[in-house]
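This report refers to the structure that appears directly beneath it.
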Amino acid sequence: MNLSVVIPVCNEADNVGPLAREIQAALADYRPFEILFVDDGSTDGTVEAVKTARAAGIPEIRLLEHSQRCGQSRAVCTGVEAARAEWIATLDGDGQNDPADIPELLKAVTAAAAAGDESLKLVMGNRTTRKDTWLRRISSRVANRVRGGLLRDGTPDTGCGIKLMHRATFMRLPWFNHMHRFLPALYQRAGARVVSVSVRHRPRTHGVSKYGLSNRLWVGIVDLFGVRWLILRNPPQIRIRESLPAE
């Protein structure tokens, strides 16, 4: 399995079919891959739409269903835990991320590996042109500046849904609700290098956003200071060498 694509979805019935077809087309040169939709308690036809997409000729689709709504971070973790590839690409389920950008993130990892750099474990998308309402753009800008100032993660767009993650490193991170907003700082805390790549951003054409000012800008303040505490308490990274290997 070359790549696992994890997509948390909640009430995105009209988006999952077109999104799955775009992913299949974008990754035609990267087979074998898998597409994991993680349904987080949808109350519309999202689950049936995912099943229909698979039956319509996208056998790469897998479906994981939460018994109740748990939030985006839990949905991402569910997908990563079930994924079979070493590298995980994530996308938002609203169709605003362009799957055609996934190969660009993969190129960053390939280039690092070719240069002998094995420390790159997270490639973040950077939405240089946002197709959102002014309120979402302002709240995201403020949140990114506050996080960047406190965490010094060097990432201009930590809220971007499209990213490429090293699975084994992700599995070692401390889990908490809303952790997906702090992945660059958490990866750096684990000794990994993080880079950002410019990606496209598209307007939402179906469904309704699950985020607003109250649950995007303010909800993460306690988490922000918690992550800052984790970074300050993190011991220095050490290298381990096995001098007497097992026979």
Side-chain angles (χ1 to χ4, degrees), residues 1-106 125 127 130-133 136 159-165 167 170 177 180 199-212 215-216:
M1 190 64 60
N2 289 329
L3 181 69
S4 298
V5 183
V6 171
I7 310 157
V9 286
C10 180
N11 294 338
E12 299 288 359
D14 293 328
N15 289 317
V16 294
L19 185 58
R21 291 191 292 271
E22 284 188 289
I23 294 170
Q24 187 184 50
L27 299 181
D29 295 331
Y30 295 90
R31 289 187 170 93
F33 61 88
E34 59 183 359
I35 306 171
L36 292 88
F37 282 98
V38 183
D39 181 71
D40 188 37
S42 292
T43 55
D44 65 350
T46 295
V47 168
E48 288 305 316
V50 174
K51 294 178 179 178
T52 299
R54 173 164 165 164
I58 311 179
E60 295 88 357
I61 287 178
R62 297 169 60 190
L63 174 61
L64 303 167
E65 298 180 57
H66 286 172
S67 59
Q68 62 189 46
R69 190 168 298 181
C70 303
Q72 186 173 350
S73 285
R74 180 63 260 180
V76 170
C77 286
T78 296
V80 173
E81 288 169 357
R84 294 178 289 172
E86 179 183 6
W87 287 90
I88 313 290
T90 65
L91 294 166
D92 286 339
D94 56 14
Q96 290 192 262
N97 301 135
D98 189 343
D101 285 322
I102 296 176
E104 297 303 314
L105 306 186
L106 289 166
R127 298 164 292 181
R130 294 287 299 272
K131 301 296 183 180
D132 281 323
T133 65
R136 291 192 68 183
C160 185
I162 184 169
K163 55 182 71 73
L164 182 65
M165 311 185 298
R167 181 181 182 275
F170 182 94
N177 201 14
H180 65 280
V199 296
R200 291 171 281 259
H201 193 241
R202 309 183 292 193
R204 177 188 270 274
T205 56
H206 301 287
V208 179
S209 174
K210 314 304 183 294
Y211 293 102
N215 65 354
R216 179 178 289 270

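Sequential numbering from 1 along the given sequence is applied to the chain's residues.
Ile102 places none of its side-chain heavy atoms less than 4.5 Å from the side chain of Leu164. Annotation: side chain of Thr90 is not in contact with side chain of Val5 (no heavy-atom distance under 4.5 Å). Looking only at side-chain heavy atoms (C-beta outward), Val38 and Ile7 stay at 4.5 Å or farther from each other. Taking 4.5 Å as the limit, some side-chain heavy atom of Leu27 sits within range of a side-chain heavy atom of Leu3.
Put simply, CZ on Phe37 and CG on Leu64 are 11.5 Å apart, with the number rounded to the nearest 0.5 Å. Note: His201 NE2 to Cys160 SG = 7.0 Å, rounded to the nearest 0.5 Å. Taken to the nearest 0.5 Å, the CD atom of Gln72 stands 4.0 Å off from the NE2 atom of His180. Rounding to the nearest 0.5 Å gives a distance of 12.0 Å between CG of Leu91 and CG of Asn15. The structure places CE of Met1 at 13.5 Å from CD of Glu86, a figure rounded to the nearest 0.5 Å. The distance from the OG1 atom of Thr43 to the CG atom of Asn11 is 4.0 Å, given to the nearest 0.5 Å.
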>> Would Asn97 and Val199 count as a side-chain contact (heavy atoms from CB on, under 4.5 Å) here? Give the steps.
In response: CA-CA 8 Å; Asn97 301 135; Val199 296; 5.9 Å; no

>> Checking Arg54 against Glu48 for the salt bridge (Lys or Arg N to Asp or Glu O under 4.0 Å) test, could you report, in this order, the C-alpha distance in whole Å, the side-chain angles of both residues, the deciding distance, and whether it holds?
In response: CA-CA 10 Å; Arg54 173 164 165 164; Glu48 288 305 316; over 6 Å; no

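Arg167 is linked by a side-chain contact (heavy atoms from CB on, under 4.5 Å) to Val80, Ala83, Ile88, Met171, counting only residues two or more places apart in sequence or in another chain. By the side chain to side chain donor-acceptor pair (under 3.5 Å) test, Asn177 is found to be paired with no residue, residues two or more places apart in sequence or in another chain being considered. For Arg200, the salt bridge (Lys or Arg N to Asp or Glu O under 4.0 Å) partners two or more places apart in sequence, or in a different chain, are Asp98, Asp101. Partners of Asp92 by salt bridge (Lys or Arg N to Asp or Glu O under 4.0 Å), not counting sequence neighbours: none found. Applying the side-chain contact (heavy atoms from CB on, under 4.5 Å) criterion to Asn2, with sequence neighbours excluded, gives Pro32. Residues forming a salt bridge (Lys or Arg N to Asp or Glu O under 4.0 Å) with Arg62 (at least two apart in sequence, or on another chain): Glu34. Scored by the side-chain contact (heavy atoms from CB on, under 4.5 Å) test, Arg31 finds Gln24, Ala28, Phe33, Glu60 as partners (sequence neighbours excluded). By the salt bridge (Lys or Arg N to Asp or Glu O under 4.0 Å) test, Arg74 pairs with Glu81, sequence neighbours left out.
Of all non-hydrogen atoms in Gly93 and Leu19, the two that sit nearest each other are CA-CD2, 4.1 Å. Taking both residues in full, the closest heavy atoms of Ile61 and Ala20 are given as CD1-CB, 3.9 Å, listed atom of the first, atom of the second, then distance. The minimum heavy-atom distance between Pro103 and Ala26, with the atom names listed, is CG-O, 3.7 Å. Among all heavy-atom pairs drawn from Val9 and Ser42, the shortest one is O-OG, 3.9 Å. Of all non-hydrogen atoms in Pro99 and Glu22, the two that sit nearest each other are CG-CB, 3.7 Å. Counting all heavy atoms, side chain and backbone alike, Ala53 lies closest to Gly17 at CB-CA, 4.3 Å.
Within the 3.5 Å criterion, the main-chain N or O of Asp39 finds no donor-acceptor partner in the side chain of Glu65. At distances below 3.5 Å, at least one donor-acceptor pair connects side-chain atoms of Asp44 with backbone N or O atoms of Ala13. Checked by atom type and distance alone, the side chain of Ser4 pairs as donor or acceptor with a backbone atom of Ala85 at under 3.5 Å.
Legend: ring pair (Phe, Tyr, Trp, His ring centres under 6.0 Å) pairs involving residues 39-94, not counting sequence neighbours, sorted by first then second residue: Trp87-His166. Residue pairs meeting the ring pair (Phe, Tyr, Trp, His ring centres under 6.0 Å) criterion with at least one partner in residues 43-64, sequence neighbours excluded, are absent. Under the ring pair (Phe, Tyr, Trp, His ring centres under 6.0 Å) criterion, no residue pair touches residues 41-62, with sequence neighbours excluded.
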